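Step one of this worksheet: look at the structure below.
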Amino acid sequence: REILLSGRICDDEYEAEYYPLLKASIVCGVVSALEVEQLIEDSYPSVRENYRSFFEKWDEDNADARADEDARRWQHEALSLVGPELLDDRGKLLFNHLTDEFGAAEYSTDSTLSDTITGPNSPLEAADMSKMTPDELLWHLESWHPTKEDSYALISHEGQGRALAELISKEPMFLRGEVERMEVLRPTYRRAVVDGWHQALNAGVAIPSDDFIRMALDSSRIEDDAKFPSEGDRQFDDDGDFQGLKRAVAGTLKALLDSNTKLSAEDGREVLDALVTLSGSPEPDPDYERGYGGDGMDPLTMAINTIRPLAIQGLGKWVRRFHGMVNVDPALDAILRACPTASASLADAAAIGLIMPSLFISVPEWVEGHYETIFGPGEANAAQQVVLTTVLAFYRPSPVILSHLRLAIGNALDNGAESYSLGFGRRMQQDCLELIGNWLYLGYASGFVDDDDTLLAAW
């Protein structure tokens with residue numbers, strides 16, 4: 001009784017299984033219905049404050065209104081689970097008022113059942129979308145907005161975007177020729193279409209490359225600080241800007257260049273335009289990089305998950321594919337802007353490390369002309385160290401790559417390779433000295449490093 005009537009329900013007592021205890025206490029005569037009603041009414045401020053603290057973190061302008069609504073719904077759930085038939089007149093009046101607002105909702109007393117609701121969910125499954133015409137689907141995406149009941153069922157734009165991505169991955173030509181209509185959709189849905197095309201390319205399925213290239217160009221030119229009004233109760237239920245779209249575009253451009261899709265010289269110039277623009281993205285900025293800590297959060301992980309490094313990797317693939325077809329100088333100029341010492345970003349450095357083998361093969365003379373910028377002189381800075389360690393960790397030893405890395409490896413051995421900054425973090429339990437040793441001994445076993453090799457002797 002002392003616990004039940006302590007004055008208010010605490011933050012950790014909102015779970016549904018708490019309320020049958022109150023109901024049983026009324027039935028057994030431990031407490032009166034009036035006391036329970038008073039407890040629920042008195043708990044309203046603390047419950048509301050709990051909700052408000054949550055909402056103000058990402059929707060400060062609407063935090064008070066949303067907290068009021070959710071706290072009233074909590075009261076409705078609590079009174080419903082206690083049992084309207086047991087309430088006194090005052091409690092029944094409040095319950096009926098809340099029922100008028102929220103409807104005759106059914107609340108479960110089974111906490112395991114209430115905890116199984118997962119999201120984000122979609123109002124339409126991919127199979128339902130495939131039965132529509134393109135015009136019908138686009139109209140639905142343009143006009144659909146989540147209701148309050150959708151929010152409680154975790155039905156959201158993000159959930160519908162995932163269903164859309166699934167459809168496009170299986171039927172990549174479904175919205176072919178509809179670029180103008182797609183470009184007025186919410187960024188969540190535009191990102192979903194691009195993600196679907198990316199999945200299709202990874203599966204070896206053709207996509208409408210002309211449509212994608214046009215979307216890539218247009219998306220790359222959107223201002224980095226552009227916003228879009230998001231909808232939904234959860235922070236990631238709807239994109240509030242276009243950064244996710246740009247991330248998807250950069251990654252899908254990489255996949256397009258890796259695919260067997262036939263691309264003309266004009267296609268190449270447009271893809272280059274998009275990649276160069278994206279390579280100027282402020283993501284990741286220095287603050288973001290400084291906060292990117294923890295297990296698995298290393299420069300290489302950041303390089304495959306943020307806009308600018310993804311575009312840099314795309315530029316390396318573009319040079320490999322279009323060298324000899326069109327002028328590659330604009331791509332190389334953009335790559336140079338991401339190289340140490342021009343960029344201090346370790347994510348950029350990891351991206352440069354990932355594309356070095358392509359550059360060794362495609363433009364060896366360019367690499368030679370910028371060798372100290374990329375790998376450093378005798379003593380390399382942290383970004384130059386990351387370039388080397390990324391190449392050594394990510395690629396298998398080969399005579400071509402080793403021939404280009406000899407000077408950088410020699411400098412590392414002369415300047416404390418074991419303390420070099422790593423592109424992949426410490427989770428692989430290897431430092432640069434060990435990586436060099438792996439390369440040299442595998443090279444020795446393969447026959448392209450011999451007994452008299454100076455690097456092997458130095459190691």
Side-chain angles (χ1 to χ4, degrees), residues 120 156-162 164-166 168-169 172 179 182-183 185-202 207 209 211-228 230 235-259 270-289 291-292 296-318 334-335 338 343 345-352 354-355:
S156 64
H157 290 296
E158 176 61 25
Q160 184 156 247
R162 296 185 186 187
L164 177 61
E166 180 184 345
I168 298 301
S169 70
V179 175
M182 285 189 281
E183 290 193 338
L185 296 177
R186 310 183 73 82
T188 300
Y189 297 139
R190 291 154 70 176
R191 170 172 56 84
V193 171
V194 175
D195 283 339
W197 282 334
H198 193 163
Q199 293 171 42
L201 287 169
N202 287 345
I207 69 168
S209 57
D211 286 349
F212 168 58
I213 291 171
R214 177 175 167 186
M215 284 187 68
L217 261 176
D218 292 345
S219 300
S220 71
R221 294 168 179 170
I222 297 172
E223 294 295 330
D224 289 306
D225 58 356
K227 303 296 181 184
F228 194 97
S230 61
Q235 186 172 4
F236 300 108
D237 272 354
D238 191 23
D239 292 358
D241 57 36
F242 296 87
Q243 298 303 90
L245 172 61
K246 292 186 176 188
R247 221 169 286 128
V249 164
T252 306
L253 286 169
K254 274 180 55 188
L256 179 69
L257 292 164
D258 269 335
S259 73
E270 292 182 343
V271 168
L272 176 60
D273 188 334
L275 286 171
V276 169
T277 302
L278 291 169
S279 71
S281 169
E283 182 189 288
D285 61 26
D287 289 340
Y288 183 94
E289 291 207 32
Y292 205 77
M297 301 303 182
D298 51 34
L300 185 59
T301 305
M302 197 169 8
I304 60 178
N305 287 291
T306 51
I307 299 170
R308 189 178 64 252
L310 281 168
I312 293 164
Q313 294 167 66
L315 287 167
K317 293 179 182 297
W318 186 92
I335 291 170
S343 171
S345 166
L346 297 188
D348 287 359
I352 295 296
L354 290 172
I355 65 174

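Only this structure's heavy atoms are used, side chains among them; waters, hydrogens and symmetry mates stay out. Keep in mind it's a predicted model, so treat the numbers as computed, not measured.
A side-chain donor-acceptor contact under 3.5 Å links Trp197 to the backbone of Pro172. Judged by distance alone, the side chain of Gln313 and the main-chain N or O of Pro309 form a donor-acceptor pair under 3.5 Å. Glu289 places no side-chain N or O within donor-acceptor distance of the main-chain N or O of Ser345, the cut-off being under 3.5 Å.
Nearest heavy-atom pair, Asp237 versus Pro120, reported as atom, atom and distance to 0.1 Å: OD1-CB, 4.1 Å. Of all the heavy atoms in Asp348 and Ile312, the pair that sits closest is OD1-CD1, 3.6 Å. Scanning all heavy atoms of the two residues, the minimum distance from Val276 to Ser279 falls at O-OG, 2.6 Å. Residues Ala347 and Pro284 share a closest heavy-atom pair of CB-CG, 4.0 Å.
Side-chain contact between Ser281 and Asp224: present, with at least one pair of heavy atoms (C-beta onward) separated by less than 4.5 Å. Side-chain contact between Leu253 and Leu278 is present, with heavy atoms from C-beta onward closer than 4.5 Å. Between Arg214 and Leu217 there is no side-chain heavy-atom pair separated by less than 4.5 Å. Side-chain contact between Thr277 and Asp273 is present, with heavy atoms from C-beta onward closer than 4.5 Å.
In this structure, Leu354 CG and Lys317 NZ are separated by 8.5 Å, a value rounded to the nearest 0.5 Å. Considering CG of Leu185 and CZ of Phe228, their distance stands at 8.5 Å, rounded to 0.5 Å. Here the CD1-CE distance, from Ile168 to Met182, works out to 7.5 Å after rounding to the nearest 0.5 Å. Here Phe242 contributes atom CZ and Ile307 contributes atom CD1; the two are 12.5 Å apart, rounded to the nearest 0.5 Å. Considering NZ of Lys254 and CG of Leu275, their distance stands at 11.0 Å, rounded to 0.5 Å. Once rounded to the nearest 0.5 Å, the distance linking CD1 of Ile213 with CG of Asp218 reads 12.0 Å.
At a threshold of 4.0 Å, the pair Glu166-Arg162 does not count as salt-bridged, since none of the basic side-chain nitrogens sits closer than that to a carboxylate oxygen. Under a 4.0 Å N-O distance rule, the pair Arg186/Glu158 does not qualify as a salt bridge.
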Does Arg247 form a salt bridge (charged side-chain N to carboxylate O under 4.0 Å, His left out) with Glu283? I'd like the steps, not just the answer. CA-CA 9 Å; Arg247 221 169 286 128; Glu283 182 189 288; 2.7 Å; yes
From CA spacing to verdict: salt bridge (charged side-chain N to carboxylate O under 4.0 Å, His left out), Arg190, Asp239: CA-CA 10 Å; Arg190 291 154 70 176; Asp239 292 358; over 6 Å; no
